[in-house]
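Presented below is the structure to which this report refers.
All ligand and atom numbering here is 1-based and tracks the order in the structure. The model shown is predicted, which means the values in this text are computed figures rather than measured ones.
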Amino acid sequence: MALLPILEVPDPRLREKSTPVEVFDDNLQRLIDDMFETMYKAPGIGLAAIQVGVAKRLLVIDLQQPEEEGGEAKRNPLVFINPELTPEGEEKRLYTEGCLSVPDQYGEVRRPTTIHAKWLDRDGKAHGERIDGMLATCLQHEMDHLEGILFIDHLSRLKRGMLMKKLVKERKLREESSY
Ligand code: GNR
Ligand code: NI
């Protein structure tokens with residue numbers, strides 16, 4: 001197992017469109033394990049392969065994670081490979097999102113409340129399910145990464161501009177204080 005470096009804006013690789021996973025070999029299993037380790041360490045509730053520089057249509061989610069403080073983490077690791085999402089119904093929900101690739105910045109994003117998802121698991125087995133709540137929100141956020149889209153793209157230009165300026169400022173402060 002290994003911790004992988006997480007790409008941050010404005011890394012151009014975050015804008016790449018990821019391509020389907022075709023081979024379910026040991027390398028893929030290792031990548032999935034490393035992505036979980038990296039996500040738990042961050043900590044985050046989701047991670048797309050492109051965030052660790054691999055442009056494959058693969059993402060991992062564990063909604064249990066950050067809530068655990070002290071005691072055993074009740075882990076619920078989910079793997080989605082080559083996912084396809086279809087909104088179900090017209091209802092949207094607003095949620096304050098963050099992203100490991102846009103560190104310490106948050107903004108409200110409106111997305112469909114309920115989706116139908118089709119995907120392959122780590123063994124290449126097909127699944128299909130109706131999904132709502134936090135899992136639907138997170139899955140759509142991760143799915144965006146596979147298309148080179150970040151949550152900040154869903155904000156107004158003004159909001160995005162302010163958030164990016166704040167990110168640059170905070171990054172500079174952090175670099176100064178670590179030397
Ligand atoms: O850790 C994360 N939290 C989060 C909160 C609200 C909506 C989406 C997310 S995903 C994010 C981890 C991440 O950047 N995944 O791509
Ligand atoms: Ni993200």
Item to check | Verdict with reasoning, Ile131 to Leu85, per side chain to side chain contact (heavy atoms under 4.5 Å, CB included) | outcome: CA-CA 10 Å; Ile131 293 173; Leu85 308 185; over 6 Å; no
Checklist entry - Any idea which atoms of ligand 1 are less than 4.0 Å away from a heavy-atom of Gly98? => result 4 (C), 5 (C), 6 (C), 8 (C), 9 (C), 10 (S), 11 (C)
Checklist entry - Are Glu37 and Lys41 ion-paired here, with the side-chain N under 4.0 Å from a carboxylate O? => result no
Checklist entry - Do other residues, nucleotides or ligands put more than 12 heavy atoms under 6.0 Å from the CD atom of Glu176? => result yes
Checklist entry - So, Arg13 and Glu8, do they make that salt bridge, N to O below 4.0 Å? => result no
Next on the checklist: Quick test of your reading of the structure: of Ala42, Gly46, Pro43, whose heavy atom lies closest to atom 13 (C) of ligand 1?
Outcome noted: Gly46
Checklist entry - Does a side-chain N-to-carboxylate-O contact under 4.0 Å join Asp33 and Arg122? => result yes
Checklist entry - Any N/O of Met134 closer than 3.5 Å to an N/O of ligand 1? => result no
Checklist entry - Salt bridge check: are Arg111 and Glu97 linked by an N-O gap of less than 4.0 Å? => result yes
Next on the checklist: Regarding ligand 1, does Glu142 bring an N or O atom to under 3.5 Å of one of the ligand's N or O atoms?
Outcome noted: yes
Next on the checklist: Side chain or backbone, does Thr137 bring an N or O within less than 3.5 Å of an N or O on ligand 1?
Outcome noted: no
Item to check | Interfacing atoms of ligand 1 (cut-off 4.0 Å, heavy-atom, Cys99) | outcome: 14 (O)
Checklist entry - Got Cys99 and Tyr106 here, is their nearest side-chain heavy-atom distance under 4.5 Å? => result no
Checklist entry - Phe36 ring centre to Arg75 NZ or CZ under 6.0 Å, with the angle to the axis within 45°? => result no
Checklist entry - Is the shortest distance from a Lys or Arg side-chain nitrogen in Arg171 or Asp104 to a carboxylate oxygen in the other one below 4.0 Å? => result no
Item to check | Sub-4.0 Å atoms of ligand 1 with respect to non-hydrogen atoms of Gly44 | outcome: 1 (O)
Item to check | Nitrogen or oxygen of Ala48 less than 3.5 angstrom from that of ligand 1 | outcome: no
Item to check | Mode of Glu97 contact toward ligand 1 - side chain, backbone, both, neither (heavy atoms, under 4.0 Å) | outcome: both
Item to check | With the Ni ion (ligand 2) as the apex, the NE2/SG angle for His145 and Cys99 - to 10° | outcome: 100°
Next on the checklist: What I want to know is whether Cys138 and ligand 1 share at least one N or O pair that is separated by under 3.5 angstrom.
Outcome noted: no
Checklist entry - Does Ser101 reach ligand 1 with a nitrogen or oxygen that is under 3.5 Å from one of the ligand's nitrogen or oxygen atoms? => result no
Checklist entry - Touching ligand 1 at all, Phe151? Heavy atoms, strictly under 4.0 Å? => result no
Item to check | Thr96 N/O under 3.5 Å from ligand 1 N/O | outcome: no
Checklist outcome for this item: ligand 1 to His145, heavy atom cutoff 4.0 Å, flagged ligand atoms 16 (O)
Next on the checklist: Could you tell me if the side chain of Leu100 sits less than 4.5 Å from the side chain of Gln51, heavy atoms only?
Outcome noted: yes
Next on the checklist: If the cut-off is 4.0 Å to any non-hydrogen atom of His141, which atoms of ligand 1 fall inside it?
Outcome noted: 8 (C), 10 (S), 13 (C), 14 (O), 15 (N), 16 (O)
